[in-house]
Peer 1: 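The structure's right below; bear with me while I get my questions together.
Numbers restart at 1 for each chain; the letters A, B, ... are given by sequence-line order, proteins then strands.
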Amino acid sequence: MLVEDKLVENEEAVYLRVENLSTKFFTSKGIVKAIDNLSFEIRKGEIFGLVGESGCGKSVTALSVMDLIQDPPGRITHGKIYIDNFNIIGDLDRLAKIDVRSETDVRIKRNKRMIKRHNEILSKIRGDKIAMIFQEPFLAMNPVMRIGEQISESILLHNRIDIANSIIRRENIDRGKSDSFIEYLETIKGTERALKEINVWTREYGVPDAELKIIELSRSALSINEKKEKMYELLLAEKRGVNLQAVFEEREYFKDREKLLELNMEMTGYEEKNDEVNARRVGEEIKELRRGMTGRNISFLLKQKLMKKQYERPFLQEARRRTLELLKLVNIAGAERVIDSYPHEMSGGMLQRAMIAMALASNPKMLIADEPTTALDVTTQAQILELIKNLNTVTDSAVLFITHDLAVIAEMCQRVGVMYAGNLVESAPVEIIFSNMKHPYTIGLMASVPRADKKRDKAMKLESIPGAVPNLISPPTGCRFHPRCKFKMDICSEKKPKLVEIEKDHKVACFLYSNEVEEN
Amino acid sequence: MESDKNQKNIVLFVTNLKKYFPITSGFRNKGVVKAVDGVTFWVREGETLGIVGETGCGKTTLGRTILRLIDPTDGEIYYDVPSDEMENIIKLETELQEKKERDGENKNDTEVETLLKELIPLRKKYSLSNKSNKEIIQKRKIMQPVFQDPFSSLDPRKLVKDIIAEPMKLLTDMSNEEIEKRTADLLSEIGLNEDHMYRFPHEFSGGQRQRIGLARAISIEPKLLVLDEPTSALDVSVQAQILNILKDVQERRGITYLFISHHLSVIRMMSDRVAVMYLGKIVELAETDRLFTDMLHPYTKALLSAIPVPDPKTKVQRVVLEGEIPSPSDPPKGCHFHPRCPVALPVCGWSPRDMSGPLQTMFDQFRNPELSILPEVNEIVVDEDGNSIEIKFVSAVKSSDEMVNIINKVIEKEQSLPNGVKFRSIKEIIPAPTGDGFTIKLIDPKVPHLREIRPGHFASCLLYDAPEGNTQPEFADVGKQAAYSR
Amino acid sequence: MDANVFAAKGGEKKRNPGLDNFITTMKLFVKTRIAFVGMIITLIYFLIALLDAVYPQYLGVTNLSSMLAFLHGQSVSASAQPIAPTTVGGWYYWLGTTEYNIPIFPSILASLKYDLGSSLLIVALGAATGVIIGTIAGYFGGLLDEIVMRITDIFFSIPFLVFAIAMAVILSRVLPSGSSIDVIIALTIIWWPIYARLSRGNALTIKSLKFVEAATASGSSRMRNVFVHVMPNVLSAVFVQFSLDLGSIVQIFAGLDFIGFHIGGVFFPELGNLLNIGQPYLAQPYLNLTTGQVLSSTIWWPIVIPGIFLLIFTVAINLMGDGLRDVLDPKLRR
Amino acid sequence: MELRYYIVRRLLVLIPTILGLTLLIFILMRSLPTTYLIAPYTAGAKTTAAKALDTATAIKLLGLNYPVPVQYLDYLNNLLHGNWGYMAAGGGYTGSVLTLIGLYLPNTAQLAIGATVLSIIVAIPLGTYIGARPNSVADQSGRIFSLFGYAMPAFWLALLLQIIFGAKSVGGAPWQIFPITGVYPESVLIHTPAWMANGTSYPTHIFILDALLNGDPSAAWGGFMHIVLPVLALTYGILAGILRFIRAGMVDAANQEYVKTARAKGVNEKLVIKRHVRRNALIPTITVMGLLFAGLLGGVVLIEKVFAYPGIGLLTVNSALPTLQIYGIAGTTLIFGLLLVSANLVVDIVYAFVDPRIRY
């Protein structure tokens with residue numbers, strides 16, 4: 001998919017849009033303005049790179065996009081984050097009133113009920129629509145839980161209805177369905193398509209273990225009727241005598257929960273537009289649905305409490321099978337052994353793959369990678385970068401790739417944003433960033449990177465940016481880069497430059513190129 | 001070994017250096033970690049030798065052993081030896097080593113004997129490896145370390161003034177005023193000012209702390225600096241500042257650098273010559289640009305091809321290695337890199353434990369149906385020392401010869417497959433007397449040694465050991481597929 | 001305090017760095033209010049102990065002998081029953097009396113110097129020996145470390161109080177002196193392993209830090225490393241444990257005295273001793289001697305009041321200890 | 001290594017510690033003047049008036065004139081053969097130290113195990129609840145509660161409980177129903193039932209159990225009433241200790257990276273706490289159980305003195321004061337040491353079971 005096509009696509013192709021995002025940390029030494037009025041967007045299937053030195057706020061951006069900021073000490077104070085056109089942080093003032101008396105004395109009045117609802121909605125979106133992988137694999141995996149357990153947990157969070165359906169279909173399978181499938185198979189000419197069909201069909205009817213046998217059967221020279229006979233026998237063998245009633249109840253319960261989530265999201269949308277009338281109407285619907293739910297699912301909830309093990313078994317088996325599939329997808333060697341081992345028994349590279357598998361558990365449309373290869377060796381890093389690129393093309397999920405290494409950016413990303421001290425100073429397609437960069441900081445950064453591909457010249461010195469990364473409790477006034485900038489003008493220390501599009505999809509925030517000022 | 005006149009004399013010569021760490025769990029120790037496993041190289045005055053390798057390759061241990069912060073298990077470290085003595089030592093030591101390597105088994109003692117007789121007194125006089133702490137302290141004056149983590153390399157309880165002054169106080173007889181004056185000059189040389197003297201380390205940023213660590217190291221005018229990942233913990237812009245300072249200091253003072261890092265871009269920028277290490281051994285050593293464009297060892301090729309390049313237009317033709325780095329406590333036989341090497345030879349070190357997996361898959365009846373007529377495989381016994389693998393069937397075979405033929409045919413088939421080289425290391429098949437299985441004997445692996453393949457370009461790989469009779473090394477073209485020869 | 005904030009302050013010239021470090025610690029410490037309150041109360045206790053030890057007559061009740069003389073002044077015969085706390089008859093009786101009409105308030109004040117004094121001595125001696133042994137064992141490792149670990153294992157395998165009783169009772173028969181010295185020695189012998197193990201653990205982590213290796217490379221001998229680089233960094237953790245231990249030692253010291261060690265004799269002014277004297281009375285009702293009317297079902301004050309003073313001290317010193325731990329915790333320092 | 005190897009290795013490490021323990025006690029004993037060592041044989045449990053030995057023969061009998069190492073081996077041999085020494089006259093106890101320990105250990109075990117189990121049952125749910133809500137009202141009160149528990153001496157708390165809840169001879173309040181001394185209810189003291197002899201109940205020496213076994217529920221209830229106050233006094237200390245460490249464990253675990261990963265997966269708050277934070281928080285708490293149990297055993301000695309509760313704690317106190325029964329002291333110190341060492345072993349095994357990083 002050429003870069004040009006992507007630019008042309010219309011609005012709804014944007015999967016993540018961040019508008020004027022500000023995140024602050026209230027510490028005993030003062031308020032750290034980690035992110036200051038940040039706006040960017042990522043299109044479907046695109047790998048967007050965010051690069052900058054430590055303390056520039058790129059990791060805080062990653063956490064803010066999924067609202068994982070730990071409160072206390074930090075909070076998102078301003079802005080909107082649209083994931084798949086739904087603003088996940090809704091109306092910030094309803095969540096918590098922040099009363100800033102002085103740099104070190106801040107009072108936060110939190111609305112417990114609203115925050116609980118907000119977290120409920122987010123726990124459905126996180127992992128399902130957007131997932132994240134972290135930098136230190138050994139710290140990011142729970143040391144006392146097996147790898148398989150942690151991945152199954154992620155699967156079971158968002159795919160219960162899907163699993164329940166496949167179990168119910170498998171148990172209720174009858175002769176008609178299997179015969180019609182065999183006839184359908186006969187009509188397909190290409191083996192490639194046949195394999196694909198069988199794969200989809202076995203997934204849908206929850207009999208994936210029989211896939212190999214079915215392929216063999218379809219290739220065998222038996223007559224149609226014999227094939228039908230054998231096929232039905234195969235399917236009967238797959239049945240596991242699951243308590244259907246229980247699975248049915250579970251599915252209903254989770255369907256209600258799904259409906260509840262949609263209503264909640266709708267209500268947040270209305271509240272944001274402070275359209276009180278609709279908000280109250282949806283509020284009523286929610287109350288009434290909740291009353292209905294307790295009535296309908298009381299037997300299920302009771303049984304689930306008492307016979308937890310027996311209820312969970314069919315789901316756990318299915319989750320385990322999907323976990324093995326995921327581990328093979330990220331080509332981990334010896335998946336059977338890895339699924340039952342603990343994080344400390346594996347190497348950094350393998351653990352990072354397991355984390356990627358965990359992130360892909362419920363096929364999210366967007367993946368945030370926060371410096372995934374910084375802690376790895378060069379050869380392992382190459383393998384992981386290769387993996388992420390392949391997964392992006394295979395699953396067509398967008399990637400927000402965060403790193404401090406310009407070389408990795410050139411290797412991986414299609415569009416790039418350069419951050420400095422909480423601001424986005426430049427963003428453009430990757431070729432333009434490396435060939436025709438505009439912002440002084442990007443130029444300085446590019447020049448201070450030692451090159452492994454250039455001929456060595458003993459006397460040659462790296463052009464280095466003087467000074468150090470500023471402290472964000474009392475950031476420099478105006479453009480935050482002015483104390484270290486060679487091209488500093490007077491206006492730079494008074495006003496803050498606006499991020500302006502000077503060329504096709506090439507934005508810069510610097511008074512050298514436009515004198516638009518950003519007011520907040 | 002070219003030793004023409006215009007070259008500066010050799011300051012540091014390390015030969016056959018080994019450092020093994022015992023693994024102790026409870027009371028009995030279970031084997032040894034071979035962190036540094038026989039390393040030989042030398043460094044000329046004012047030169048920067050880069051040492052690069054991935055985690056666990058032993059580069060940090062090598063640095064600490066040379067600085068004698070830890071005691072070496074074997075091998076010699078010659079440092080700051082008068083140039084004529086040094087020439088003689090290098091000649092003798094390399095001759096001794098070649099003698100030992102060539103005729104490993106039938107070591108004719110007489111030659112080795114004479115060499116040793118000459119070397120023992122020299123070693124006692126100059127080599128640092130078995131010197132007591134007191135004697136080593138004299139040498140500390142002229143070799144100093146610079147460490148990676150800015151936050152743990154300065155004592156949090158001491159003032160910057162005392163931190164920088166410590167080496168001067170202990171190793172020189174300068175008066176306090178002289179020390180204070182020198183500390184002030186050093187601080188301005190590294191870009192800080194005098195008031196910083198009265199501060200605690202926690203009041204400085206990472207970059208400033210590395211400068212203080214550098215000031216401490218160069219305070220006593222050392223001839224050699226061992227820099228262990230000096231800029232890995234720093235941001236790109238701060239790293240550029242530190243690297244520039246390091247270059248200025250080298251130009252001004254002519255200090256020799258041993259620059260250890262896993263960042264290949266930093267290595268290429270800083271070093272005159274580069275040594276690549278893998279699992280405790282130097283696999284390749286050459287002049288920097290020659291190594292980056294004309295590498296000989298397959299691992300170097302894979303390592304350099306794995307580096308991402310900060311230029312989207314360069315499409316790197318990547319050699320992606322499978323598997324993980326083996327654990328240094330139990331390295332593979334022969335050449336340590338053979339299990340992952342894309343161009344391995346049968347003689348490279350294939351041992352029974354590498355073969356048990358592939359043999360298992362060989363008997364898979366989907367893969368080789370012709371083997372299904374043999375009885376089912378009951379057990380595969382690996383005998384590492386005997387260099388053989390015994391395969392036992394569930395029941396006896398009708399005729400042993402027929403079994404051997406079938407197996408030989410299958411092995412030929414396996415050998416033709418892409419990574420079938422393992423099967424080419426099989427010497428012979430011996431049917432078991434009881435007829436219910438057979439033993440596979442492997443050819444004895446050879447151990448590669450660091451050879452000067454081209455002037456100034458060393459590599460330790462059996463491809464270049466001119467295998468019997470075949471003068472033109474099979475894989476000579478690895479150098480030509482230069483990744484970056486644009 | 002970040003570097004460029006410092007630059008903005010224009011870096012004053014010579015000033016006493018140690019003092020500056022102490023001021024920042026105090027500033028941080030004051031911020032945690034309850035810890036500060038804890039410190040104030042602890043200081044008051046030590047002040048009283050000091051005053052009484054230095055100017056015994058000032059508080060009216062001097063040491064042991066004068067206390068008895070004071071009693072002799074009064075009729076020392078076994079009084080009918082302890083008098084409840086009253087405001088009658090001067091401040092001596094504000095907190096009532098215990099057996100033999102010994103006034104509780106002055107005896108508590110007099111006993112602080114023995115309780116605090118001896119526990120300070122025990123913890124200081126224990127810490128000194130423990131830190132030296134532990135740091136050296138941790139830094140040099142090998143056989144020495146193994147031996148120290150085995151010895152501390154053995155000391156840790158006996159519960160504190162049981163070990164204290166055994167040591168005290170045997171030492172009192174072995175050592176000639178006989179008086180309270182043997183309990184102090186017994187507790188010191190028990191206490192040093194705690195500091196040995198604490199400083200060994202810290203020494204192990206500090207030994208691996210690079211500045212110790214840099215010191216070795218600068219020519220500093222291993223022994224110098226221990227005292228110049230490793231020990232100062234171990235002391236911050238030890239200091240926190242020191243303040244917490246003061247609280248526990250006072251409890252054990254009072255406990256030993258309570259079960260009847262009578263370290264300084266029956267009338268020795270020590271909190272545990274006061275509790276021991278008061279114990280029989282808690283089951284007796286408090287009667288109005290003339291009318292025989294039951295005023296309260298139990299004579300509680302000889303037990304409760306000395307106990308409260310002990311409790312306040314241990315709570316205060318624990319608050320101070322926790323506050324110090326947060327302040328001295330390196331992560332917070334940065 | 002497998003859990004089995006780990007346990008075997010822990011047992012092997014135990015042997016030098018136990019040997020060291022006996023050596024330490026032996027050194028303490030032998031540093032005493034010999035008069036104390038021979039006291040039982042000259043005037044005490046091992047003699048009748050006729051057989052009282054004079055000093056010289058007693059020393060030869062006990063082998064005190066052999067070289068010290070031989071004496072140590074002799075001491076070990078005696079320990080293994082059940083001869084832990086005898087009580088001297090005038091100590092209120094007679095007979096061999098081991099039989100006395102055998103009689104009184106169950107009572108002490110009753111107290112110690114009761115307090116430990118009670119504190120674990122209360123502390124773990126309470127600790128996790130508090131740990132999950134840092135700086136909430138529950139957290140503040142929890143911290144004050146555990147601060148006082150940590151700072152309050154156990155014996156003084158026992159005295160307080162006696163004052164507040166103890167049965168008073170006259171004019172007691174309605175809730176003051178608990179007896180403040182001894183183990184046995186009056187009914188048993190007036191006429192000793194068949195299953196009682198020389199001061200303890202049979203067959204298990206645990207009074208409440210024996211009363212139930214022998215079908216006397218009212219006596220069992222009386223026995224239970226006797227142990228309520230001592231167990232409460234002991235529990236507060238160890239409960240405060242566990243609470244303090246669980247809370248610290250929870251707060252520390254909540255800041256770890258894998259909690260952020262869990263939230264990023266979409267796990268809701270309740271499950272994050274239950275599945276991820278609590279599991280990792282319990283691990284450091286288990287390591288500290290050994291230390292807290294040591295404090296508990298120390299407290300038992302004082303509690304038994306306050307409640308005149310006939311356990312090995314009271315035996316220790318009465319062997320130390322007023323007159324020194326050296327074999328009593330040596331025996332009780334050894335049994336307390338063995339109790340603590342086995343408790344530490346149990347803690348190690350539970351720790352290896354809970355934290356997989358130890359086993360593999």
Peer 1: With a 4.5 angstrom heavy-atom cut-off, could you sort out which part of D:Val300 is near chain C: side chain, backbone, both or neither?
Peer 2: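 No part of D:Val300 comes within 4.5 Å of chain C.
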Peer 1: Checking heavy atoms, do the side chain of C:Leu275, its backbone, both or neither come under 4.5 Å from chain D?
Peer 2: side chain
Peer 1: Does any heavy atom of chain D fall under 4.5 Å from the side chain of C:Ile165, the backbone, both, or neither of them?
Peer 2: side chain
Peer 1: Of all heavy-atom pairs between C:Arg173 and D:Leu32, which one has the smallest distance, and what is that distance?
Peer 2: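 Taking C:Arg173 first and D:Leu32 second, the nearest heavy atoms are CB-CD2, 3.7 Å.
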Peer 1: Does any non-hydrogen side-chain atom of C:Ser157 lie less than 4.5 Å from one of D:Asn344?
Peer 2: no
Peer 1: I'd like to know whether C:Met167 forms a side chain to side chain contact (heavy atoms under 4.5 Å, CB included) with D:Ile329, so could you lay out the CA-CA distance, the side-chain angles of the two residues, the decisive distance to 0.1 Å, and finally the verdict.
Peer 2: CA-CA 10 Å; C:Met167 288 295 282; D:Ile329 284 289; over 6 Å; no
Peer 1: Begin from the C-alpha positions of D:Thr17 and C:Phe156 and carry the test side chain to side chain contact (heavy atoms under 4.5 Å, CB included) through to its verdict.
Peer 2: CA-CA 10 Å; D:Thr17 312; C:Phe156 275 119; over 6 Å; no
Peer 1: With chain C as the partner, which of D:Ile180, D:Val306, D:Thr316 has the greatest number of non-hydrogen pairs under 4.5 Å?
Peer 2: D:Val306
Peer 1: When rounded to the nearest 0.5 angstrom, what distance separates OH in C:Tyr281 from CD1 in D:Ile163?
Peer 2: 14.5 Å
Peer 1: When heavy-atom pairs shorter than 4.5 Å are enumerated against chain D, which of C:Ile158, C:Asp153, C:Val250, C:Leu171 gives the highest number?
Peer 2: C:Ile158
Peer 1: Let's test your reading of the structure: which of C:Val169, C:Thr298, C:Ile259, C:Asn318 forms the most heavy-atom pairs below 4.5 Å with chain D?
Peer 2: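 Highest number of heavy-atom pairs under 4.5 Å: C:Ile259.
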Peer 1: Let's test your reading of the structure: which of D:Leu324, D:Ile18, D:Leu297 forms the most heavy-atom pairs below 4.5 Å with chain C?
Peer 2: D:Leu324
Peer 1: With sequence neighbours excluded, what pairs up with D:Tyr327 under the ring pair (Phe, Tyr, Trp, His ring centres under 6.0 Å) test?
Peer 2: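 So D:Tyr327 forms no ring pair (Phe, Tyr, Trp, His ring centres under 6.0 Å) with any residue.
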Peer 1: Using every non-hydrogen atom in the two residues, find where D:Gly298 and C:Pro159 come nearest and quote the distance to one decimal.
Peer 2: N-CB, 3.9 Å
Peer 1: For the CG atom of C:Leu161 and the CG atom of D:Leu302, what is their distance to the nearest 0.5 Å?
Peer 2: 4.5 Å
Peer 1: Anything under 3.5 Å between a donor and an acceptor, one on a side chain of residues 145-161 of chain D, the other on a protein residue two or more places apart or in another chain? List them.
Peer 2:
unit_1	atom_1	unit_2	atom_2	d
D:Ser146	OG	D:Gly142	O	3.3
D:Ser146	OG	D:Arg143	O	3.1
D:Trp156	NE1	C:Ile303	O	3.1

Peer 1: With chain C, which of D:Leu321, D:Leu21, D:Val341 has the greatest number of heavy-atom pairs at distances under 4.5 Å?
Peer 2: D:Leu321
Peer 1: For the interface with chain D, which of C:Gly247, C:Gly255, C:Pro306 has the highest count of heavy-atom pairs at distances below 4.5 Å?
Peer 2: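 If we count pairs closer than 4.5 Å to chain D, C:Gly255 comes out on top.
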Peer 1: Who passes ring pair (Phe, Tyr, Trp, His ring centres under 6.0 Å) against C:Tyr45, sequence neighbours left out?
Peer 2: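 Ring pair (Phe, Tyr, Trp, His ring centres under 6.0 Å) list for C:Tyr45, sorted by chain: C:Phe313.
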Peer 1: By a 4.5 Å heavy-atom criterion (distance strictly below it), what part of D:Leu24 contacts chain C: side chain, backbone, both, or neither?
Peer 2: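 When you check distances to chain C, only side chain atoms of D:Leu24 fall under 4.5 Å.
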Peer 1: In terms of heavy-atom proximity below 4.5 Å to chain D, should C:Ile308 be classed as side chain, backbone, both, or neither?
Peer 2: both
Peer 1: Under a 4.5 Å heavy-atom cut-off, does chain D meet the side chain of C:Ala316, its backbone, both or neither?
Peer 2: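 For C:Ala316, there is no contact with chain D at all, as no heavy atom is under 4.5 Å.
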Peer 1: Output the option from D:Pro33, D:Ala343, D:Gly337 having the highest count of non-hydrogen pairs under 4.5 Å with chain C.
Peer 2: D:Gly337
Peer 1: Please classify the contact of D:Ile326 with chain C as side chain, backbone, both or neither, using a heavy-atom distance under 4.5 Å.
Peer 2: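 When you check distances to chain C, only side chain atoms of D:Ile326 fall under 4.5 Å.
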Peer 1: Can you pull out the residues in residues 193-202 of chain C with any heavy atom less than 4.5 Å from chain D?
Peer 2: none
Peer 1: Where does D:Leu28 contact chain C at under 4.5 Å (heavy atoms): side chain, backbone, both or neither?
Peer 2: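 Both parts, backbone and side chain.
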